[in-house]
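First comes the structure, then the notes that go with it.
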Amino acid sequence: MRLSRRVSALKPSSTLAVSAKAKELRSHGIEVLTFATGEPDFITPEPIIEAACASLTAGNTHYAPVPGDPNCREAIAQKLREENGIPDVTSEHVVVSAGGKQSLHHVFHALLDPPAGSDPPQEVILPVPAWVSYAPQVQLAGGVIVEVVTDAASDFKARPEQIRQAITKNTRAIVLNSPSNPCGTMYSPDELRAIAAVIAEAAATTCPDIVIISDEIYEKIILGPDPFMSVGSIPEVADRTITVNGLSKAYAMTGWRVGYMAGSGAFGASIAAGIKKLQGQSTTAIPGFIMETIPVALRECEAQVKAMCEAYRHRGKVMYDALKRIPDMICPVPTGAFYAFPDVSAHFGKTSEGGRTINAAADFATALLEEKHVAVVPGEDFGTGAEKCIRMTFACGEEQIVEGVKRVHEFVEGLK
Ligand code: PMP
Ligand code: GLU
């Protein structure tokens, strides 16, 4: 008996794999410092926990409405209109899911068709390095990724001209993720407007159906001088932008599994209706007592979110300053999200103290874990160019950052 070709060809998530490996070493009594999974170390703010407990105690234990209850969808729609400036979003444009990851999976399924007959495959443009799950999700939905390759010298940001060149008549969508996982950088409002102008131009000429998928999961973790701006607030592309977000990162709620997608205008309402059908045939809805925490998070937890962001800003600086002192590591200044993404390729071709040859980021990460017990994510699965880099999250305590980067420093100094 065999598995489907789709599932057999699917790559496991490397971000989740590294943390599983670190946990396994820990279970053998080895003290591993992990900078692998991008998840806040903070506990979810108290008002959110209280709201969930109160809802459970009140007996909210039954199936909830598939796209989310009216109250939580309206809280999300209101946030998107008032805080993000996205026009024409009502609760009918919003579908709540079990995480931003699931919303993205649904969006790709709602947009893409696998090639039929001699049709060319549908293309999704992805500036890389990019988060590990976009490409497998596009592949599962039957599309192909067209990479736009960026580098550390440009803070890993795609130029409008690069995007213009990547668009073909088969382009269905472009994924933007600002602030970016894994790069830890973000586009300025002007840079986003310039990219939006390219998409609007393509929509008016070669690609009338092109859609922007804007993954804004790190919107609250802004570390540099630029303010956050939602792509969907740019008038020329508002009605073709799907915004994906969730509570995992901003509210330290990774384990709760809350995400959402929202469109705007007529197309936004139709994709939300399509995703509601998809979800109705798969997971149904997230638990009702968790839905009740959404308005509380969005409306009552600004102070806690700001305090966590302040902590990430400080930790990011501590990590960046320490990384900068390591010979031949090129690392853009983290300006958003909670990742440093140094290029370690200057050390390829060397051998570690433990006798391991370092020819790629995966070799670097494996040797670092085995010899110094520091877990980082090797860049390979983040796309072309990322194979030179390792990702280290600073969503962890300062002491761990200081000790961990010290071990990375010692590791690099031991390379011959
Ligand atoms: N997008 C990006 C860029 C991410 O880093 C993640 C991983 N946490 C997600 C989406 C999905 O997060 P979640 O499913 O926890 O909402
Ligand atoms: N997104 C986080 C990360 O990149 C969590 C793991 C995952 O879902 O990929 O580490």
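All values below come from the heavy atoms of this structure, side chains included, with hydrogens, waters and symmetry mates left out. Order of appearance sets the numbers: ligands from 1, and atoms from 1 within every ligand. The shown structure was predicted, so the numbers you read here are calculated from the model rather than taken from an experiment. In this chain, residues are counted from 1 in sequence order.
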Got a sec: does the [atom1] of [X] have more than 12 other heavy atoms crowding it under 6.0 Å?
X: Lys276; atom1: NZ; value: no
X: Lys157; atom1: NZ; value: yes
X: Arg313; atom1: CZ; value: yes
X: Arg6; atom1: CZ; value: no

Nearest-neighbour protein heavy atom for [atom], which is reported as residue plus atom name and distance:
atom: atom 12 (O) of ligand 1; result: Ile217 CD1, 3.8 Å
atom: atom 11 (C) of ligand 1; result: Lys101 N, 3.5 Å
atom: atom 9 (C) of ligand 1; result: Trp131 CH2, 3.4 Å
atom: atom 9 (O) of ligand 2; result: Thr15 OG1, 2.6 Å
atom: atom 1 (N) of ligand 2; result: Trp131 NE1, 3.3 Å
atom: atom 16 (O) of ligand 1; result: Gly100 N, 2.6 Å
atom: atom 8 (O) of ligand 2; result: Lys101 NZ, 2.9 Å

Interfacing atoms of ligand 2 (cut-off 4.0 Å, heavy-atom, Lys249): 1 (N), 2 (C)
Residue Thr37 vicinity, atoms of ligand 2 by number, heavy atom under 4.0 Å: 5 (C), 6 (C), 10 (O)
Could you list which atoms of ligand 1 come closer than 4.0 Å to a heavy atom of [X]?
X: Gly99; value: 14 (O), 16 (O)
X: Ser248; value: 13 (P), 15 (O), 16 (O)
X: Asn181; value: 3 (C), 4 (C), 5 (O)
X: Asn177; value: 3 (C)
X: Asp215; value: 1 (N), 2 (C), 3 (C), 10 (C)
X: Tyr134; value: 3 (C)
X: Lys249; value: 7 (C), 8 (N)

Does the residue [X] have a heavy-atom contact with ligand 1, meaning some pair of atoms that are separated by less than 4.0 Å?
X: Tyr260; answer: no
X: Arg257; answer: yes
X: Gly246; answer: no

Part of Asn181 within contact of ligand 2 (heavy atoms, under 4.0 Å): side chain
Heavy-atom proximity to atom 10 (O) of ligand 2, best of Pro182, Gly99, Gly38: Gly38
Polar atom proximity, Gln102 to ligand 1 (N or O, under 3.5 Å): no
Contact check: Ala98 vs ligand 1, nitrogen or oxygen atoms, below 3.5 angstrom: no
Distance in Å, Ile76 CD1 paired with Thr90 OG1, rounded so as to fall on 0.5 Å steps: 12.0 Å
Mutual orientation of the aromatic rings belonging to His347 and Phe364 [parallel < 30°, tilted 30-60°, perpendicular > 60°]: tilted
Using a strict threshold of under 4.0 Å (side-chain N to carboxylate O), is an ion pair present between [Y] and [X]?
X: Arg164; Y: Glu161; answer: yes
X: Lys220; Y: Glu302; answer: no
X: Arg81; Y: Glu74; answer: yes
X: Glu31; Y: Arg407; answer: yes
X: Lys406; Y: Glu403; answer: yes
X: Glu380; Y: Lys11; answer: no
X: Asp321; Y: Arg325; answer: no

Any Glu39 heavy atom less than 4.0 Å from ligand 2: no
Glu82: partners by side chain to side chain contact (heavy atoms under 4.5 Å, CB included), with sequence neighbours left out: Gln78
